[in-house]
Amino acid sequence: MAIKFEQVNFEYPSFDGTNFSALKDINLEIAEKGEFITLIGETGSGKSTLVQHMNALIRPTTGSVTIYGIKIEKDTKKKGKVKLNPLRQRVGLVFQFPEYQLFEETVLKDIIFGPKNFGVKESVAIERAKQVIKHVGLDEEYLKRSPFNLSGGEKKRVSIAGILAMEPDILVLDEPTSGLDPKGRDDLLKLFMGIHNDLNKTVIIITHDMNTVYKYASRVLVMNEGHLVYDGLPQELFSKENIKSWNLDIPDIITITRQLEDKLDVNFDSQPHTIQELFELVKEVI
Amino acid sequence: MNIIEIKDLSFSYQDEVDALSNVTLSVKKGEWVSVLGHNGSGKSTLSKLIIGLLKADSGEIKVDGVILNEESVHDIRRKIGIVFQNPDNQFVGVTVEDDIAFGMENLCFEQSDIVDKIKEYAEKVSMSEYLKKEPHALSGGQKQRVAIAGILAMKTDIIIFDEATSMLDPKGRESIMNYIKEINKAGVTVITITHDMKEAVLSDRIIILKEGRVIACGDTNDILNDKETLNSSNLELLLPLKLQYLLDEANLSNDKVKDILWQLSLNK
Ligand SMILES: Nc1ncnc2c1ncn2[C@@H]1O[C@H](COP(=O)(O)OP(=O)(O)O)[C@@H](O)[C@H]1O
Ligand SMILES: Nc1ncnc2c1ncn2[C@@H]1O[C@H](COP(=O)(O)OP(=O)(O)O)[C@@H](O)[C@H]1O
Ligand SMILES: [Mg+2]
Ligand SMILES: [Mg+2]
């Protein structure tokens, strides 16, 4: 097991003493290899808080998170025995807001910052930067630009490139595709899928896009008001009745299949995953 | 009557590539227009030019008959509210409450009115419980909700939403879209910048930007079906229309199916 949450509770402290409980009794295991996980749930349900535990950016208020054999608890850092740096290299986390991750003068410096920090030679890091910038759909010219003078979608891509350049074992992405155009979104999801398939790495993606969940995920986690309320297969999740109460929705392909069954007065044998599959079914009945 | 008229507008950041080139477009009073386009096509730049946060290199912007310039920018900003793409750029106050109040204070609303409106609009975006919190202590989607509340409360004639629902959960997004429908019906001119065709379908008209130029502009129903233009701008057809294309290609379509798929696209 690469990451294991045991009875994790997390409270955000506040000055007036009314601490806010953002995670409640989370138990969760993430395998090092082979998982493609999507994490979904209502705005404010605790998704970003949860993933920040996965590389020890924040520590549980009670309970523990074990990351590659290292147990992280409330006072872990204070004891000073544990080195967190290696964990941060192995579990790469892309933040929801790229602005939190970009601070150098140029895009190049931003991308090589992570690898260099983890002991990669500068020349090697630069080579990696030239590769990853293309992988996220920007050309090499962008390496010279200032990360602050980019559009929202471009910043997002640069922040993803910075983590890819660290070559982490597990890739955790907090809403990597929100704000990207549809082609950019699909290209990036294919990139993550490629990393997952070719290198058998575990990828965890936070998203609000149910289509992404249905199309790509082998496992889906649902957060609701600080609780992990579902951990299982996407197909089963979307056949549940209570998903609306979690502020979720049904993927478009399922909605339109149901609507078509209704309007054409037919029953398809299977639930298609892609528009091509739906086309094959519709072909037979018209 | 056109409430916004833009003529031959060009802009580049620090002499780099042009972010906008010769953009000409107009928005009618009471209309709902979607602005679409690939990442980096110039959508946010356009909205910042309209409210006078950036100054055009050439061309002209008229809002409600008044040409935008140094003298008129203040008056024009009273007419246009904008929800920025990154909600952090909207936040200036110490608490959520302050942030919702900020826009109204700039417009010199009465203090008692402001207090009522904070309550009313926080309620509308489901953020009533968070009024005393610090904005940085909110989740991404919560920040977006607060930013939206602050702008709605200003009750300006025109509102621009720059990818304002990108971090909201499906239900939250739906409720904001319903609310936009409502204010648009009540006469507010709305410009939504989005990549989501399910949102664009709600608007009257669609404008598509590509590399800083307007490449399409027309009734929503016409643009929805324009596969080539959409694809060339990194956008996608609505799912029922994708299916229609596959059926057409295979010569399998008929009028009944076509009609059903069209109705499903319009979400009827
Ligand atoms: N720094 C913070 N201080 C206090 N409360 C916070 C802080 N960050 C987040 N929260 C609260 O914790 C809850 C969970 O936030 P988050 O994990 O960001 O949600 P999500 O990513 O699912 O939208 C939210 O209700 C939010 O208001
Ligand atoms: N502050 C800035 N300085 C320099 N270039 C910028 C700045 N902001 C945006 N750009 C560039 O201008 C172009 C248009 O950006 P923007 O209007 O933000 O695009 P969109 O909102 O359509 O994604 C992009 O190529 C982007 O790199
Ligand atoms: Mg979040
Ligand atoms: Mg933008």
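Protein chains get the first letters and strands the later ones, always in sequence-line order, with residue 1 at the start of each.
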Could you tell me whether a side-chain N or O of B/T220 sits under 3.5 Å from a main-chain N or O of B/S203, the two making a donor and an acceptor?
-> yes
A/R185/B/E236 ion pair, N-O < 4.0 Å = yes
Applying a strict 4.5 Å limit to non-hydrogen atoms, the region of B/R173 in contact with chain A is neither
Any sub-3.5 Å donor-acceptor pair from B/D162's side-chain atoms to B/K48's backbone N or O?
-> no
Quick one: which residues of residues 279-286 of chain A reach chain B at under 4.5 angstrom, heavy atoms only?
-> A/F279, A/V282, A/K283, A/I286
Does any heavy atom of chain A fall under 4.5 Å from the side chain of B/E134, the backbone, both, or neither of them?
-> side chain
Name the region of B/K256, side chain, backbone, both or neither, that has any atom closer than 4.5 Å to a heavy atom of chain A.
-> side chain
So which part of A/Y100 gets closer than 4.5 Å to some heavy atom of chain B, the side chain, the backbone, both or neither?
-> side chain
Residue from B/I151, B/L53, B/I160 passing side-chain contact (heavy atoms from CB on, under 4.5 Å) with B/F84 | B/L53
When you measure from the side chain of A/Y230 to the backbone N and O of A/L237, does any donor-acceptor pair fall under 3.5 Å?
-> yes
Mind checking whether A/L189 and A/Y216 have side chains closer than 4.5 Å, heavy atoms only?
-> yes
Given the options B/S233, B/S139, B/S253, B/P170, which has more heavy-atom pairs under 4.5 Å with chain A than any of the others?
-> B/P170
Can you pull out the residues in residues 148-158 of chain A with any heavy atom less than 4.5 Å from chain B?
-> A/N149, A/S151, A/G152, A/G153, A/E154, A/R157
Counting heavy-atom pairs under 4.5 Å with chain A, the top scorer among B/D88, B/N231, B/L138, B/N254 is B/D88
With a 4.5 angstrom heavy-atom cut-off, could you sort out which part of B/E163 is near chain A: side chain, backbone, both or neither?
-> side chain
Mark yes or no: B/K242 above the aromatic ring of B/Y245, with NZ or CZ under 6.0 Å from the six-membered ring centre and no more than 45 degrees from the axis.
-> no
Checking heavy atoms, do the side chain of B/K132, its backbone, both or neither come under 4.5 Å from chain A?
-> neither
Between A/H53 and A/T49, is there a donor-acceptor pair closer than 3.5 Å when you use the side chain of the first and the backbone of the second?
-> yes
Region of B/A250 that comes under 4.5 Å of a non-hydrogen atom in chain A = side chain
Would you check if B/L239 and A/L278 make a side-chain contact, meaning some heavy-atom pair closer than 4.5 Å?
-> no
Scanning both residues in full, the closest heavy-atom pair of A/P251 with A/Y214 reads CG-CB, 3.6 Å
Least distance between heavy atoms, B/V201 atom then B/S265 atom = CG2-O, 3.7 Å
Which pair of heavy atoms, one from A/S245 and one from A/N224, lies closest together, and at what distance?
-> O-ND2, 4.3 Å
Without swapping roles, check the side chain of A/K263 against the backbone of B/L261 for a donor-acceptor pair under 3.5 Å.
-> no
Please flag which part of A/E42 lies under 4.5 Å from any non-hydrogen atom of chain B: side chain, backbone, both or neither.
-> both
When heavy-atom pairs shorter than 4.5 Å are enumerated against chain B, which of A/Y12, A/W246, A/F97 gives the highest number?
-> A/F97
Distance-only, no hydrogens or angles: does the B/S41 side chain make a donor-acceptor pair with backbone N or O of B/E211 under 3.5 Å?
-> no
Is the side chain of B/S10 donor-acceptor paired with the backbone N or O of B/N22 at a distance under 3.5 Å, no angle test?
-> yes
Among A/L248, A/D252, A/D249, A/I40, which has the most heavy-atom pairs under 4.5 Å with chain B?
-> A/D252
With distance as the sole test, does B/D169 use its side chain to make a donor-acceptor pair with the main-chain N or O of B/G172 at under 3.5 Å?
-> yes
Contact class of B/I260 relative to chain A, heavy atoms under 4.5 angstrom = side chain
